[in-house]
Amino acid sequence: MRIAFIGARGIPHGHSSAEQIALQVGRRLVQRGHEFTVYCRRNLFHDRSPTYDGVRRVFLPTVEHKLLGQVLHGFLAGAHAASRSYDVVHAQCLTNTFQSVLPWLIRRNVVINVNGQEWDNPKWPRTLRHVFFKSAARATLLMCREIITDAEGMRAIYRDRYGRESTVIAYGAEVVQPQDPTILARYGLEPRGYYLVAARLVPSNQIRTIVDSFSAAGTGRVLAIAGGPDPGSAYYQALRTAAGPSVRFLGLISDQAHMNELYANAYAYLHGATLGGINSALLRPLGAGCPALAADTPFNRQVIEREDGADCGLTWKDGNELCRAIRRFEDDAEFVEGLRARCRRQIRENFSWDLVADQYEVFYRGFVERWPAERIRAEVAAQKAKCRP
């Protein structure tokens with residue numbers, strides 16, 4: 001099969017969900033004999049070689065802007081893809097729905113992973129959320145015989161709101177071990193001496209809840225925040241003033257090796273993201289054997305809770321529950337250590353990139369061969385059995 005991927009900044013670039021799917025699924029499908037092409041934003045790359053790990057790269061221009069950058073790039077990528085004989089054009093996220101209309105009109109071979117609840121995401125202006133993203137969701141359902149959702153909770157939202165079923169394919173993560181103790185030393189941290197927050201996708205009010213709850217719990221460990229609010233913003237300054245000496249602001253960390261080391265050596269991971277669906281920022285700590293204290297949502301529970309009842313951490317609804325959960329972790333180090341192997345097992349069995357690649361390969365094949373949607377869903381779900389012991 002010949003597959004085109006629209007919606008990532010490109011590969012390799014950062015560790016957001018779109019870039020990880022493009023790279024991790026793409027390289028695996030190439031190894032299986034497929035052709036996988038990722039559209040890349042030209043000005044983000046100095047090295048513009050035509051392939052990376054066997055994955056083809058097409059570089060197209062755009063402007064670097066929070067919203068317009070991807071919208072403009074998506075339109076150019078959609079026009080380019082329409083002129084090529086791809087078997088499948090995969091558009092990632094509702095941001096790229098309208099850019100996929102042209103290849104859909106010409107070839108009708110577009111599949112869309114709707115990603116999360118962009119219409120509720122406060123990072124976007126209100127008009128954009130309520131007009132653009134809600135319209136994009138309806139356009140997606142019009143164009144696609146079958147859509148991809150990344151969590152059972154997102155599947156329920158589309159079923160209840162729009163009366164449409166979907167194929168669930170979650171994101172993946174790698175299983176990693178501590179590798180380089182010098183990385184931890186650069187941030188002034190000690191193994192198991194800190195709780196970690198990767199704040200990129202956490203609403204600002206949730207960061208405040210985490211900081212306040214951590215302080216109230218009275219732990220002697222450090223709270224380390226990677227990423228987070230703009231250091232020049234008034235909110236960041238107020239947060240830093242209120243945080244006190246137990247909070248360490250690590251700044252933006254774009255090196256995945258550094259994040260892996262931070263995850264693998266943390267005592268626990270604090271996850272405050274609440275918007276669906278499954279957040280890859282919660283999967284990566286588990287792959288590094290880092291137990292999680294996650295905001296109580298259906299999407300986070302799907303990651304934390306195992307079918308055998310042996311969960312990978314605790315969930316919390318508010319600051320009081322988070323404070324109690326931290327104290328539980330502090331009072332029972334043996335309990336926390338017992339979670340670490342369980343976390344890695346959860347990734348191997350339910351969220352490995354090999355599994356995700358298997359599921360996308362089946363989905364693409366079913367789409368190309370025009371299987372009934374019910375068969376596509378059943379075949380995709382059946383792939384999980386391969387990862388179980």
Side-chain angles (χ1 to χ4, degrees), residues 1-8 11 16-38 54-55 86-93 109-116 140 144-159 164-175 276-280 282-284 286-287 298-299 302-303 306-307 345-389:
M1 291 181 290
R2 302 184 68 209
I3 302 130
F5 191 98
I6 298 173
I11 58 169
S16 72
S17 300
E19 282 76 49
Q20 286 298 296
I21 288 180
L23 178 60
Q24 300 292 351
V25 172
R27 65 178 20 154
R28 285 167 171 80
L29 294 190
V30 167
Q31 291 169 359
R32 301 174 190 184
H34 304 291
E35 180 184 291
F36 200 95
T37 300
V38 176
V55 179
Y86 295 121
D87 296 306
V88 177
V89 176
H90 175 146
Q92 182 67 21
C93 190
N109 61 350
V110 171
V111 300
I112 297 178
N113 182 329
V114 297
N115 198 38
T140 293
C144 298
R145 290 185 289 112
E146 180 71 352
I147 63 171
I148 300 169
T149 50
D150 61 19
E152 291 296 337
M154 283 304 299
R155 176 187 179 189
I157 287 173
Y158 272 82
R159 182 182 62 237
R164 278 283 297 271
E165 278 291 352
S166 58
T167 298
V168 178
I169 305 179
Y171 297 114
E174 296 177 289
V175 174
I278 285 179
N279 195 319
S280 59
L282 179 56
L283 295 173
R284 286 191 290 270
L286 267 59
F299 321 108
Q302 185 177 337
V303 175
R306 288 180 49 81
E307 294 174 3
R345 187 165 72 249
Q346 176 77 327
I347 297 302
R348 283 194 297 268
E349 294 178 2
N350 294 299
F351 300 100
S352 74
W353 281 118
D354 287 338
L355 168 61
V356 175
D358 289 344
Q359 291 179 315
Y360 270 107
E361 184 178 29
V362 168
F363 183 93
Y364 293 149
R365 181 180 297 116
F367 178 83
V368 170
E369 297 178 3
R370 304 191 69 80
W371 297 352
E374 294 79 6
R375 180 185 173 188
I376 292 177
R377 294 177 206 134
E379 294 281 355
V380 167
Q383 301 307 305
K384 277 196 173 184
K386 299 178 181 179
C387 299
R388 302 293 173 83

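Side chains are part of it too, since the values below use all heavy atoms of this structure and drop only hydrogens, waters and symmetry mates.
- Nearest heavy-atom pair, Val38 versus Val55, reported as atom, atom and distance to 0.1 Å: CG2-CG1, 3.7 Å.
- Rounding to the nearest 0.5 angstrom, the gap separating the CD atom in Glu35 from the CG atom in Leu29 is 12.0 Å.
- Here Phe367 contributes atom CZ and Asn109 contributes atom CG; the two are 6.0 Å apart, rounded to the nearest 0.5 Å.
- Applying the salt bridge (charged side-chain N to carboxylate O under 4.0 Å, His left out) rule to Arg145 yields no partners; only residues at least two apart in sequence or on another chain are considered.
- Of the inter-residue distances, the one linking Ile11 atom CD1 with Phe5 atom CZ reads 9.5 Å to the nearest 0.5 angstrom.
- Salt bridge Arg306/Glu349: present, at least one basic N to carboxylate O contact under 4.0 Å.
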Next item on the list: Evaluate side chain to side chain contact (heavy atoms under 4.5 Å, CB included) for Glu146 paired with Arg377, printing each intermediate quantity in order.
Entry: CA-CA 9 Å; Glu146 180 71 352; Arg377 294 177 206 134; 2.8 Å; yes
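- The minimum heavy-atom distance linking Ala18 with Gly7 is given by the pair CB-O, 3.8 Å.
- Residues Ile21 and Trp353 have side chains in contact (heavy-atom distance under 4.5 Å, counting atoms from C-beta outward).
- Phe351 approaches Ile278 most closely through the heavy-atom pair CE2-CD1, 3.8 Å.
- Atom CZ in Arg284 sits 10.5 Å away from atom CD1 in Ile347 (nearest 0.5 Å).
- The aromatic ring centres of His34 and Tyr364 sit 6.0 Å or more apart.
- Looking only at side-chain heavy atoms (C-beta outward), Asn115 and Tyr171 come within less than 4.5 Å of each other.
- Scanning both residues, Leu286 and Gln346, for their nearest heavy atoms gives CD2-CG, 4.4 Å.
- Contact between Ala357 and Arg28 at its shortest, heavy atoms only, is CB-CD, 3.7 Å.
- Distance CD/Gln383 to CG/Asp354: 12.0 Å, rounded to 0.5 Å.
- Nearest heavy atom pair, residue Leu355 against residue Asn350, reads CD2-O, 3.4 Å.
- Inter-residue side-chain proximity for Val25 and Val356 is flagged as met; some heavy-atom pair is nearer than 4.5 Å.
- For Glu307, the CD atom is loosely surrounded, since the number of other residues' heavy atoms within 6.0 Å does not exceed 12.
- A search for salt bridge (charged side-chain N to carboxylate O under 4.0 Å, His left out) contacts involving Arg32 returns Asp358, Glu361, not counting sequence neighbours.
- No donor-acceptor distance shorter than 3.5 angstrom exists from the side chain of Asn113 to the backbone of Gln92, with no hydrogens or angles considered.
- By the 4.5 Å heavy-atom criterion applied to side chains, Arg365 and Trp371 are counted as neighbours.
- Between atom CZ of residue Arg155 and atom CD1 of residue Ile148 there is a gap of 13.5 Å, rounded to the nearest 0.5 Å.
- In this structure, Glu152 contributes its side chain and Val168 its backbone to no donor-acceptor pair below 3.5 Å.
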